[in-house]
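Each remark here refers to the structure printed beneath this line.
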Amino acid sequence: MPFTRWIDEKPPLRLTRPLPPPLRRTPATGHPVARLTLAVALLASVAACASLPAGSKPDSRDHFERFNRAIYKFNTALDHAILRPVARGYVKVTPRPVRNAVSNFLGNLEYLKTIGNDVLQAHFVDFGSDVGRLLVNTTVGVGGLFDPATRFGLEKHDRDFGQTLGKWGLPPGPYLILPLLGPSDIRDAAGLIPDHFMTIDSLINNQDAQLGLGAARVIDRRTQLLSFDATLDSAFDPYALVRSIWFQRRDYKVNEDHPSDELLPNEAPPPDPEHE
């Protein structure tokens with residue numbers, strides 16, 4: 001029957017308002033940009049809580065001191081938990097000649113950076129000497145494991161793009177502690193990118209090889225700083241001590257253009273019988 005059919009069948013629904021648009025999917029927290037944003041926010045919140053030690057003297061070149069101290073604290077915690085024990089273990093199980101060979105090899109891989117900055121700083125005599133040094137150590141020195149170039153009278157230089165910018169008059173900008181990398185300034189931090197592309201590392205496409213070289217370089221450099229641990233641990237304000245020494249080293253390199261005779265944290269310490 002028409003009447004019962006109308007009752008059994010539901011009348012069509014009429015929408016009085018349009019459906020809301022579908023929600024847009026936001027990037028997951030695992031996305032690199034999201035992770036970077038989260039890390040920056042976390043570091044900023046930590047820096048906001050950082051306090052200066054009583055009696056510390058501010059430095060006019062350290063405009064971001066609270067933030068820098070927070071990063072320094074993070075780097076120090078990571079160093080004490082991982083890097084320092086690994087470096088000490090590396091020294092205990094690895095003879096000094098082997099460690100020297102590793103340091104020579106890693107330094108030889110980076111020496112194209114010095115050669116490139118020789119040209120950018122117009123040190124053409126040193127450019128020829130450094131090209132010869134690289135060739136001698138790569139061939140006679142068995143891929144850079146040994147350093148016959150020094151015995152042949154080819155002096156070793158250490159130049160980077162931050163130093164090049166300073167040579168041509170660019171001011172350093174504020175002091176800056178970089179996560180994992182340590183002391184720097186705005187000028188030197190910007191110079192890390194062109195320096196990387198001047199090294200052989202940038203030509204290696206294998207990610208595992210890059211990670212391996214990076215880890216070896218971190219351990220090698222941390223091993224060279226073991227003799228400074230006692231000084232830093234006993235300092236009233238280790239942050240201020242590192243900052244002062246870093247300023248001296250960078251000013252000397254930019255203005256004097258030859259290796260400093262003063263022992264500084266980024267340079268190899270003298271032989272330490274405890275770490276033989």
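Count residues from 1 along the sequence.
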Is a donor on one side and an acceptor on the other found under 3.5 Å between the side chain of [X] and the backbone of [Y]?
X	Y	answer
Gln163	Lys253	yes
Asn117	Thr164	no
Tyr111	His157	yes
Asn75	Leu180	yes

Report task. Sorted by first residue and then second, give each side chain to side chain donor-acceptor pair (under 3.5 Å) pair with at least one member in residues 198-216; sequence neighbours left out. Result ->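 Applying side chain to side chain donor-acceptor pair (under 3.5 Å) to every pair that reaches into residues 198-216, excluding sequence neighbours, yields Asp201-Arg217.
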
Requested in this report: Report yes or no: do Leu181 and Ile177 belong to one cluster of Ile/Leu/Val/Met/Phe/Trp/Tyr joined by side chain heavy-atom distances under 4.5 Å?
Outcome: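 Both belong to a single hydrophobic cluster.
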
Query raised in the report: Do Ile186 and Pro172 have side-chain heavy atoms sitting under 4.5 Å apart?
Result: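 They are not in side-chain contact.
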
Query raised in the report: Any Lys/Arg nitrogen of Arg222 or Asp229 sitting under 4.0 Å from an Asp/Glu carboxylate oxygen of the other?
Result: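 So Arg222 pairs with Asp229 through a salt bridge.
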
**Report entry** Closest approach of Leu176 to Ala189 (non-hydrogen atoms, all atoms of both residues)
**Finding:**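 Heavy atoms only, the tightest pair is CD2-CB, 4.5 Å.
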
**Report entry** Heavy-atom closest contact (Ala149 atom, Asn137 atom, distance)
**Finding:**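 It is N-OD1, 3.1 Å.
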
Requested in this report: Write out all pairs satisfying salt bridge (charged side-chain N to carboxylate O under 4.0 Å, His left out) with one or both partners inside residues 111-122, taking only residues at least two apart or from two chains.
Outcome: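 Output for this query lists Asp118-Arg159.
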
Contacts of [X] that satisfy side chain to side chain donor-acceptor pair (under 3.5 Å) - sequence neighbours left out:
X	value
Asp62	Asn68, Tyr239, Arg243
Asp188	Arg250
Ser244	Gln248

Query raised in the report: Side-chain donor-acceptor pair under 3.5 Å between Ser103 and Arg221, yes or no?
Result: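 There is no such pair (donor and acceptor under 3.5 Å, judged by atom type) between the side chains of Ser103 and Arg221.
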
Query raised in the report: Which residues, ordered by chain and number, are linked to Val125 in its hydrophobic cluster, where ILVMFWY side chains connect at heavy-atom gaps below 4.5 Å, directly or through other members?
Result: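 Same cluster as Val125: nobody, lone residue.
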
